There are 2 protein chains.
Amino acid sequence: MKLYSYWRSSAAYRVRLALAYKAVAYTTVPVHLLAGGGEQHRAAYRALQPQGLVPALVDDDGTVLFQSLAILEYLEERYPGPPLLPAGSRDRAFVRAFALALACDVHPLSNLRVLRYLEDPLGADEDARGRWIRHWIGLGFEACESMIARRGAEGPFVCGPGPTFAEVCLVPQLYNARRYGCDLSPYPGLLRADEAARALPSFAAAVPERQPDAPAGGGA
Amino acid sequence: MKLYSYWRSSAAYRVRLALAYKAVAYTTVPVHLLAGGGEQHRAAYRALQPQGLVPALVDDDGTVLFQSLAILEYLEERYPGPPLLPAGSRDRAFVRAFALALACDVHPLSNLRVLRYLEDPLGADEDARGRWIRHWIGLGFEACESMIARRGAEGPFVCGPGPTFAEVCLVPQLYNARRYGCDLSPYPGLLRADEAARALPSFAAAVPERQPDAPAGGGA
């Protein structure tokens, strides 16, 4: 498989986590979101991914896949073990709702293209854009923390004895939240799940800084 | 089942479409998003849906479900016929990617709470907010139209001989697009799928104007 990825993209990070956890071999094809006006806008990439967003995954038979949550479901169907969805329909609905609360209602609002639109034409400066990001992350984390609390799960994972789509979406969103200086102290349940997941070797291998396109000293 | 719904919410509209198509009986519990500061923010509703967003679905055994796409997957598992997902993994990935391109990258950007934040504190007036909405709808529709074109599907549906999650997300998004005056002429494939889906009696029953909480003469 080939994963068209940018080291710092949270949607690409989700797919890396699932591939690593399921031990599916893949090659990274870097798509630099900032260099040269953005490689994701080039015709060759848009021929794969019509939105001009990362990631895209090309399976060995040539199947082109995109939208990280659609890729997660595809990988779950094709590589069911180890699972990233629990066994029962109710638990699966819970895990998917948790993942979607981040993937739909938090992450798209702090996408690069949205931040650019906020800057121009809307004229929001860097401070205002930072507040925007932290605002939506805060609302999303509050809802996810309350989902964990209500469920009264034994922990440390959000649902069951191992990571699921919940951690696959949570870990990259917490990475972003730290980058933007969010106060994480109100979310002990999220931090517990994040820590447990990141302690897994597969999760550790997928971190942005360990990707082939990550700059040596961090930064953009 | 009980569906906590607002007649004009596209996320609630998606769930109504799936319930109607699968002929699952349910009662509507209206949650008025604009009256009295927004009924979705009341403690009784947030005890069901921790994000304070509609919809929420309560199954007969008391299971509380939310996030429209997680509800669609749950209904697909519990009521597999008639299906709203195709049979093969690749087709399912295609349909889910199409649905998510709208549900993640278009709809959350024109959510009520986002439009309110654009107004205050960001100071975007009604015109600027309208341009914002049409901008993201246009990008999303362009990508979805190109997904249909590439696939070279026989039509009129996006994938296969009947509606799928693709139409379940597309029909409400086109309803919104018309409301906001988007030019839809560049999207013949989307319009064809929308027309075919809306011609189904189950899809017709789920339209906003036919819901118990819809005002007699339209409007907010």
Side-chain angles (χ1 to χ4, degrees), chain A residues 11 46-47 49-53 57 59 61 63-75 77-78 88-90 92-101 103-109 111 113-114 117-118 121-124 128 131-132 135-136 139-140 142-147 149-150, chain B residues 11 46-47 49-53 57 59 61 63-75 77-78 88-90 92-101 103-109 111 113-114 117-118 121-124 128 131-132 135-136 139-140 142-147 149-150:
Chain A
R46 289 192 86 114
Q49 211 294 3
Q51 298 181 275
L53 297 172
L57 182 69
D59 203 347
D61 64 3
T63 305
V64 179
L65 304 147
F66 48 87
Q67 279 290 334
S68 59
L69 292 190
I71 298 176
L72 296 185
E73 297 279 358
Y74 176 86
L75 293 173
E77 292 177 3
R78 299 294 285 259
S89 281
R90 276 173 231 155
R92 275 200 295 279
F94 175 82
V95 161
R96 286 179 172 129
F98 188 102
L100 287 160
C104 287
D105 294 320
V106 177
H107 174 251
L109 293 161
N111 229 338
R113 61 186 195 169
V114 170
Y117 193 105
L118 289 177
L122 292 186
R131 281 192 297 274
W132 162 277
H135 176 75
W136 302 115
L139 286 184
E142 198 184 313
C144 287
E145 182 72 20
S146 106
M147 285 179 76
R150 272 179 214 191
Chain B
R46 289 191 89 115
Q49 212 294 2
Q51 297 182 277
L53 297 172
L57 182 68
D59 203 346
D61 64 2
T63 305
V64 179
L65 303 147
F66 48 88
Q67 278 292 334
S68 59
L69 293 189
I71 296 175
L72 296 185
E73 297 280 356
Y74 175 85
L75 292 173
E77 293 177 2
R78 299 292 287 258
S89 281
R90 277 174 229 153
R92 274 199 295 276
F94 174 82
V95 162
R96 286 180 173 128
F98 189 102
L100 287 160
C104 286
D105 293 322
V106 176
H107 175 250
L109 293 162
N111 229 339
R113 62 186 195 170
V114 170
Y117 192 106
L118 289 176
L122 291 185
R131 281 193 298 276
W132 162 277
H135 177 75
W136 302 115
L139 287 184
E142 199 184 313
C144 286
E145 182 73 21
S146 108
M147 285 180 74
R150 275 178 209 190

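Order of the sequence lines fixes the chain letters, A, B, ..., with proteins taken first and strands second; residue numbering starts at 1 for each chain. Computed from a predicted structure; not experimentally measured.
Under the 4.5 Å side-chain criterion, counting only non-hydrogen atoms from C-beta, B/Leu65 is not in contact with B/Leu75. Two residues are said to be in side-chain contact when any heavy atoms from C-beta on lie closer than 4.5 Å; B/Leu122 and B/Tyr117 meet this criterion.
Under 4.0 Å is where a charged nitrogen must lie from a carboxylate oxygen, and between B/Arg90 and A/Glu73 no such pair does.
Looking at B/Arg92, only its side chain comes within 4.5 Å of chain A, counting heavy atoms on both sides. Of the atoms belonging to B/Leu69, heavy atoms from both backbone and side chain fall under 4.5 Å from chain A. A/Ala99 does not touch chain B: none of its heavy atoms, backbone or side chain, sits under 4.5 Å away. With a 4.5 Å cut-off on non-hydrogen atoms, B/Leu100 touches chain A through its backbone and its side chain both. Of the atoms belonging to A/Arg150, it is side-chain heavy atoms, and not backbone ones, that fall under 4.5 Å from chain B. Proximity to chain A is limited to the side chain of B/Ala124, based on heavy atoms less than 4.5 angstrom apart. For A/Val64, no part lies under 4.5 angstrom from a heavy atom of chain B. For B/Ile71, no part sits under 4.5 Å from any heavy atom of chain A, backbone or side chain. Contacts of B/Val95 with chain A are absent, with no heavy-atom separation under 4.5 Å from either backbone or side chain. Proximity to chain A (any heavy atom under 4.5 Å) is restricted, for B/Ser146, to the side chain, taken from C-beta onward. In this structure, chain B has heavy atoms under 4.5 Å from both the backbone and the side chain of A/Ser89.
Counting heavy-atom pairs closer than 4.5 Å to chain B, the top residue among A/Pro50, A/Gly140, A/Pro121 is A/Pro50. Contact count versus chain B (heavy atoms, under 4.5 Å) is highest, among A/Val114, A/Leu139, A/Leu118, A/Asp59, for A/Val114. Ranked by heavy-atom pairs under 4.5 Å with chain A, the list B/Phe98, B/Phe94, B/Tyr74 is led by B/Tyr74. For the set B/Glu142, B/Glu77, B/Gln49, the entry with the most heavy-atom pairs within less than 4.5 Å of chain A is B/Glu77.
Here the side chain of A/Trp132 pairs a donor or acceptor atom with the backbone of A/Leu109 at under 3.5 angstrom. The main-chain N or O of B/Arg113 is never found under 3.5 Å from a side-chain atom of B/Asn111 such that the two would form a donor-acceptor pair.
With sequence neighbours excluded, the residues satisfying side chain to side chain contact (heavy atoms under 4.5 Å, CB included) with B/Ala11 are B/Ser9, B/Arg14, B/Pro55, B/Ser68, B/His107. The side chain to side chain contact (heavy atoms under 4.5 Å, CB included) search around B/Ala101 returns A/Gln51, A/Gln67, B/Cys144, not counting sequence neighbours.
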Exercise for the section: Tell me, with the steps shown, if B/Phe66 and A/Met147 meet side chain to side chain contact (heavy atoms under 4.5 Å, CB included). Expected result: CA-CA 11 Å; B/Phe66 48 88; A/Met147 285 179 76; 3.7 Å; yes
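Scanning both residues, B/Pro108 and A/Asp105, for their nearest heavy atoms gives CB-OD1, 4.1 Å.
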